[in-house]
Amino acid sequence: MEETISLQDLVKTLKKRLILIISAVILAVTIAGVVSYLYLTPIYQVSTQILVNQEKSEQQQFNAQDIQTNLQLINTYYVIIKSPAILSKVIDSLDLNTTPAGLSSKITVNSAQNSQVLNISVQDPEPHVAVDIANTTAEVFQQEIQKLMNVDNVNILSPAVLSKYPSPIKPDPMLNMAIAAVIGLMLGVGIAFLLEYLDTTVKTEQDAEELLGLPILGLIGKISEIDVQGAKDSVKSRRKKG
């Protein structure tokens, strides 16, 4: 019985504060949309692919050991690509106003498991700058790896290309607004129950029973203005007769 009453009280509170809850959701979604569209800087991402594989000559044939050696070198190449030795040359080539550490934070290097293909992904507020950084990084790495490790097993497989209508990968306004709607709903419900808890006024006979712990013996009906006016007229007429 207590659970049924508690559930009824829960639903009653939600209905009572429904406007507050809806307002909280709308406000949260509006703020998230305004911030996402007007204040957050769009970030674009492009990728270029390089193949770790020596060029095959007429007298040379690849075997499993060569492929395994290339796979083992990939872990080393992760570090070399994002090293100052490579990125400083990229900065000089593109005349970028940044440091190797700052440029490194924009670059991500990864590959599929047991794959000889490295993906160099670059994020930047300007899509054409991201394309230039990705392609230049791949080219500089291809040139410098021959000097650094005395190997020639890097080929650019797929350079980064600037699309006609680039779209940012972040922020995602719709996702932000969906998250804001959930947060607004939680805040609205929380505030509704907080206000209900702080509200100690007696509004109904049920409130009086719960507060006093006594049953209600009778109720005074609501007197309308018409009844009040009629009572006044009746009193006046009696006085005139008297």
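FYI, the numbering just counts along the sequence from 1. Note that the coordinates shown come from a computational prediction; the quantities given were computed from them, not determined experimentally.
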Any chance you could lay out the side chain to side chain contact (heavy atoms under 4.5 Å, CB included) test for L87 and V140, step after step, and finish with the verdict?
-> CA-CA 8 Å; L87 298 185; V140 171; over 6 Å; no
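Under the 3.5 Å distance criterion, with hydrogens and angles disregarded, no donor-acceptor pair is assigned to the side chains of S167 and Y44. At a cut-off of 3.5 Å, with distance as the only test, no side-chain donor of N176 or Y37 sits close to an acceptor on the other residue. Neither side chain, S121 nor T108, offers a donor N or O lying under 3.5 Å from an acceptor on the other.
T13 is not listed as a side-chain neighbour of Y197, based on a closest heavy-atom distance of 4.5 Å or more. With a 4.5 Å cut-off on side-chain heavy atoms, T76 and M149 count as touching. Residues E139 and I156 have side chains in contact (heavy-atom distance under 4.5 Å, counting atoms from C-beta outward). Side chains of I19 and S23 form a contact here, defined as non-hydrogen atoms less than 4.5 Å apart. Side chains of L18 and L14 form no contact here, defined as non-hydrogen atoms less than 4.5 Å apart. Within the 4.5 Å cutoff, side-chain heavy atoms of L118 are placed close to those of V52.
In this structure a side-chain-to-backbone donor-acceptor pair under 3.5 Å is missing from S104 to A101. Judged by distance alone, with hydrogens and angles left aside, the side-chain atoms of S158 form no donor-acceptor pair with the main-chain N or O of Q49 at under 3.5 Å. Remark: the backbone N or O of K89 is not paired with any side-chain donor or acceptor of S93 at under 3.5 angstrom.
No option in Q123, K106, K170 other than Q123 meets the side-chain hydrogen bond (donor to acceptor under 3.5 Å, both in side chains) test with Q45.
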